[in-house]
Amino acid sequence: MVASEIRVTLPDGSEKRLPAGATAADLAKAIGPGLAKAAVAARVDGQVWDLARPLPDRMKVAILTDKDPQALDVLRHSSAHVLATAVRQLFPHAKIGFGPPIEDGFYYDFQVPTPFTPDDLERIEAKMHEVVKADYPFMREEVDRAEAKRRFKLLHAAGAYWRGDERRQMLQRIYGTAWFTKEDLESYLRRLEEAKKRDHRLLGKQLDLFSIQEDVGPGLIFWHPKGAMMQFQLRRFIEDVILERGYQLVYTPHLTREELFLRSGHLPLYAANQFPPMAAGEGESEAVRYRVKPMNCPMHILIYASQQRSYRDLPIRLAEIANVYRNERSGTLHGMLRVRGLTMDDAHLFLREDQIEQEIFQLLDIVELVLGKTFGLSYRLDLATRPDKKLGTDATWDQAERALEQALKHRGATYRIDQGGGAFYGPKIDVKFNDAIGREWQGATIQLDFEQPERFRLEYAGEDNKPHRPVMIHRAIYGTLERFCGFLIEHFAGAFPLWLSPEQVRVLPIADAQLPAARAVQQRLAAAGIRAHVDERSETLNYKVRDGETHKVPYMAVVGQREAEAGTVAVRSRGEGNKQVVLPLAEFVEQVKEEVRTRALTPSIR
RNA sequence: GCUGACGUAGCUCAACUGGUAGAGCAGCUGAUUUGUAAUCAGCAGGUUAAGGGUUCGAGUCCCUUCGUCAGCUCCA
């Protein structure tokens, strides 16, 4: 017998009776006309449904409006269908692939004989507007169509492998974005513009921080003096932090006989990411081949293994800010963010198994100090589990994954699982942090390794006077200095905190008559360890101020006749407009010193 | 690596369907001596990514290589 009535439960717990066959749209109308108008979709038992589908009996149903983040997915899914319809009308032979909503938009994959051109995109977008006007049934949301056509935009087309598998055929993917209002769309497009302005490749050039030179090769970074100063400050900071926590610094060769990587398991598992071997020098045996290192772990292992170790020595924490080289595929290279020459802030910890947890706690403390406290970043944790290409047995992977998970649980940390995202030698905890405009980045990583100690037969003498095998943690806090520095450029849009700024103070004499006074100010600052220089050019103050602002100098110290006579400086703080604070020079020096010492994120003078 | 687009002065960009490379900024020189986001003038700056081809003639058309960009895949 078919019931004539269904009952659904609303989010507030109340129940609503509806005639059998009622849709979510009917439900919204029954609740109220306002909601009916705002409704874009329904959530039925956790799934997003469109409004036109008949509701089942005895289910939890929520009406979604455009305020609901899930509703945007519905809109974008609809937009993807509009895109597919438009493409099919213009290119009848196009075969349709997937068309899901994604963050900020949607895409759709097509199999077409020739790739789409920018002109095609324009034609397709125009056709999409027609499709929307014609009110195709999948465009079910109850909205004003005329307005709707202004709220999506096709962005670009590019090849994409079928099902994301590079062994399969390449399809043509069209990306678009869609929003509920024209204002949202415009603000999204503005956000893209903003992100472009922060591009570290652009700012890196403008601020003269680094370059990449075709004569030398892609993915290889030249750190110019200003960028190098930032790297130096970052190194100094992290080295101070870890030396206070029982780490020891080491330096190891960049080159090794390739047998070392055979033993470590890098060959052949990691060979695709390594540069090919080179023969020893002329006249030497051809049989001896060398490789440049893509990782430091085997090197640090050899230091560990260079003498007998006691349980009392552990943990041994060997750190090296080291250059390694990885043969990243050409298409993946991207400014400082994806390079072939990497400067890792690397360390390898050799532990007893009972020390794993305390060590992970210490690492999470360092992450909090550096990323959280010093850089003011929010971050989250991923537990990345065994990949397909891996060393070792399932049993040791079980053990390693369990150990990391236990540590995270005991720490009370929340985390997500990144299935198959681990390193080939062990699972890891990846730290993902957010930048100033909400994008997610990865740098810090904590990797637990039972395999390499095994392969290198590492040992320590236990309390029982028997040999035991240590476990290893590979870890990086910044990740690589290249990527972290690229991140900092984009996060701060080039306006770095004082302690990181390559040029901390620029002294601006108003006229040539104040040049001696300005030079004296600069010398006083330099003597206090502050990076300052005088703009000696024969230009107007306006010109010099503008130049200082475009170069994102944190403080400009203006010296005119008044200041020269009074022994003061008129301080202009970056980005604060024409506000100035006149301070005795000694006081200015002290404030700057203090701001640097505390690695403050915001200026102390403004 | 794959698909597509692109490569002109240090930077940002011009140069009609092939007709002999031009501007702004930056730089240098001179004048100016400036009170919080561009003072004025002059000068210099290019084997048009590299190599080959078509043509009377190539920045422009074709081929190869290198590189860049947007994605895919991969990743710190």
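Numbered from 1 within each chain, the chains take letters A, B, ... in sequence-line order.
- Side-chain to base pairing of A/Y161 with B/G1: one donor and one acceptor N or O lie within less than 3.5 Å of each other.
- Taking atom P in both B/A9 and B/C2, the straight-line distance is 28 Å, to the nearest Å.
- Along RNA chain B, the nucleotide nearest to A/R201 and the one nearest to A/R163 differ in position, and the one closer to the 5' end is contacted by A/R201.
- Residue A/Y175 places at least one side-chain N or O closer than 4.0 Å to OP1 or OP2 of B/C72.
- Across B/U33, B/C74, B/G67, the shortest atom-to-atom separation from the side chain of A/P218 is found for B/G67.
- A heavy-atom distance below 4.5 Å is found between the side chains of A/K544 and A/P509.
- Annotation: A/Y175 is in aromatic contact with A/H156 [ring centroid separation under 6.0 Å].
- When side chains are defined from C-beta on, A/L381 counts as touching A/V431, because their heavy atoms get closer than 4.5 Å.
- A/K196 places its NZ atom 10 Å from the C1' atom of B/C69, with the value rounded to the nearest Å.
- Across all strands shown, B/C28 is found opposite B/G42 as a Watson-Crick or G-U wobble partner, with both distances under 3.5 Å.
- The separation of B/A26 from B/C43, taken at their C1' atoms, amounts to 15 Å, rounded to a whole angstrom.
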**Study point:** Evaluation steps, side chain to side chain contact (heavy atoms under 4.5 Å, CB included), between A/E482 and A/R338
**Key:** CA-CA 8 Å; A/E482 285 79 14; A/R338 191 71 185 276; over 6 Å; no
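- Distance, A/D109 CG to B/G71 C1': 11 Å, rounded to whole Å.
- Looking at A/M230 and A/F496, their side chains come closer than 4.5 Å, going by heavy atoms from C-beta outward.
- For A/N578, counting side-chain heavy atoms from C-beta on, the closest listed nucleotide (B/G27, B/A37, B/C75) is B/A37.
- A/L154 has its side chain within reach of A/I124: a pair of non-hydrogen atoms, C-beta onward, lies under 4.5 Å apart.
- The closest side-chain heavy-atom distance from A/F210 to A/M336 is below 4.5 Å.
- As the counterpart of B/G7, B/C66 is assigned, both hydrogen-bonding distances of the Watson-Crick or G-U wobble pattern falling under 3.5 Å.
- Judged by Watson-Crick or G-U wobble contacts below 3.5 Å, the nucleotide B/G22 has B/C13 as its partner.
- Summarising the geometry, the separation between CD on A/E549 and C1' on B/G35 is reported as 15 Å, rounded to the nearest angstrom.
- Rounded to whole Å, the distance from CG on A/D418 to C1' on B/A76 is 14 Å.
- Dashed line: the shortest gap from a side-chain N or O of A/R475 to OP1 or OP2 of B/A76 is not under 4.0 Å.
- Seen from the ring of A/Y161, A/R168 does not count as a face-on cation partner, given the 6.0 Å and 45° thresholds.
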Check your understanding: Are A/F433 and A/F487 close enough, and set up right, to give a side chain to side chain contact (heavy atoms under 4.5 Å, CB included), and what steps lead you there?
Key -> CA-CA 10 Å; A/F433 44 91; A/F487 155 77; 3.7 Å; yes
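- One can place CZ of A/R338 at 8 Å from P of B/A76, the figure rounded to the nearest angstrom.
- Within the structure, a side-chain polar atom (N or O) of A/H334 is placed less than 4.0 Å from OP1 or OP2 of B/A70.
- The nearest whole Å value for the distance from the CD1 atom in A/I212 to the P atom in B/G7 is 20 Å.
- Seen from the ring of A/W162, A/R167 does not count as a face-on cation partner, given the 6.0 Å and 45° thresholds.
- Nucleotides B/G30 and B/G35 have their P atoms positioned 23 Å apart, rounded to a whole Å.
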Find every protein N or O atom lying less than 3.5 Å from an N or O atom of nucleotides 38-44 of chain B, and list the pairs.
unit_1 : atom_1 : unit_2 : atom_2 : d
B/A38  : N9     : A/R546 : NE     : 3.4
B/A38  : N7     : A/R546 : NE     : 3.2
B/A38  : N7     : A/R546 : NH1    : 3.2
B/A38  : N7     : A/R546 : NH2    : 3.2
B/A38  : N6     : A/R546 : NH2    : 2.4
B/A38  : N1     : A/R546 : NH2    : 3.2
B/U39  : OP1    : A/T540 : OG1    : 3.4
B/U39  : OP2    : A/T540 : OG1    : 3.0
B/U39  : O4     : A/E539 : OE1    : 3.4

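- OP1 and OP2 of B/U73 both lie 4.0 Å or more from every side-chain N or O belonging to A/R173.
- Summarising the base pairing, B/C72 is matched to B/G1 through a Watson-Crick or G-U wobble pair whose two defining distances lie under 3.5 Å.
- Proximity note for A/S330 (side chain, C-beta onward) versus B/G35, B/G1, B/C74: the nearest is B/G1.
- You'll find a donor-acceptor pair under 3.5 Å spanning the side chain of A/E563 and the base of B/G35, going by distance alone.
- A side-chain donor-acceptor contact under 3.5 Å links A/H491 to the backbone of A/A436.
- Using C1' as the reference atom, B/A38 and B/G27 are 16 Å apart when rounded to the nearest Å.
- In the set B/G67, B/A76, B/U3, B/A76 carries the atom at the smallest distance from any side-chain atom of A/L342.
- Comparing B/U3 with B/U47, their P atoms sit 33 Å apart, to the nearest whole Å.
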Give me the distances for all protein-to-nucleotides 45-51 of chain B N/O pairs that come in under 3.5 Å?
none

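- Only the P atoms considered, B/U68 is 34 Å distant from B/G57, to the nearest whole Å.
- The closest side-chain heavy-atom distance from A/Y555 to A/I605 is below 4.5 Å.
- Atoms CZ (A/R340) and P (B/U68) sit 8 Å apart, rounded to a whole Å.
- The nucleotide whose nearest atom lies closest to any side-chain atom of A/Q442 is, among B/A76, B/G35, B/G71, B/A76.
- Under 4.0 Å is where a charged nitrogen must lie from a carboxylate oxygen, and between A/K390 and A/E451 no such pair does.
- For A/R167 and B/C2, the shortest distance from a side-chain N or O to OP1 or OP2 is not below 4.0 Å.
- Counting to the nearest Å, the C1' atom of B/G27 and the CZ atom of A/R537 are 11 Å from each other.
- Nucleotides B/G51 and B/C69 place their C1' atoms 23 Å apart, quoted to the nearest Å.
- By the 4.5 Å heavy-atom criterion applied to side chains, A/I446 and A/D430 are not counted as neighbours.
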Could you list, one pair per line, each protein nitrogen or oxygen that sits under 3.5 Å from a nitrogen or oxygen of nucleotides 10-13 of chain B, together with the distance?
none

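- Between A/Y247 and A/I366, some side-chain heavy-atom pair lies under the 4.5 Å cut-off.
- In this structure, the nucleotide among B/G1, B/A37, B/A70 sitting nearest to the side chain of A/T332 is B/G1.
- Using P as the reference atom, B/A23 and B/G42 are 12 Å apart when rounded to the nearest Å.
- When Watson-Crick and G-U wobble pairs are counted only if both distances are under 3.5 Å, B/G57 pairs with no nucleotide at all.
- Of all nucleotides listed (B/U34, B/C72, B/A70), B/U34 comes nearest to the side chain of A/I510.
- For A/V339, whose side chain is taken as the heavy atoms from C-beta onward, the closest listed nucleotide among B/G1, B/U34, B/A76 is B/A76.
- Within the 4.0 angstrom heavy-atom criterion, no nucleotide atom of any strand lies near A/E576.
- Distances from the side chain of A/R562 to the nucleotides B/G4, B/C75, B/G35 place B/G35 closest.
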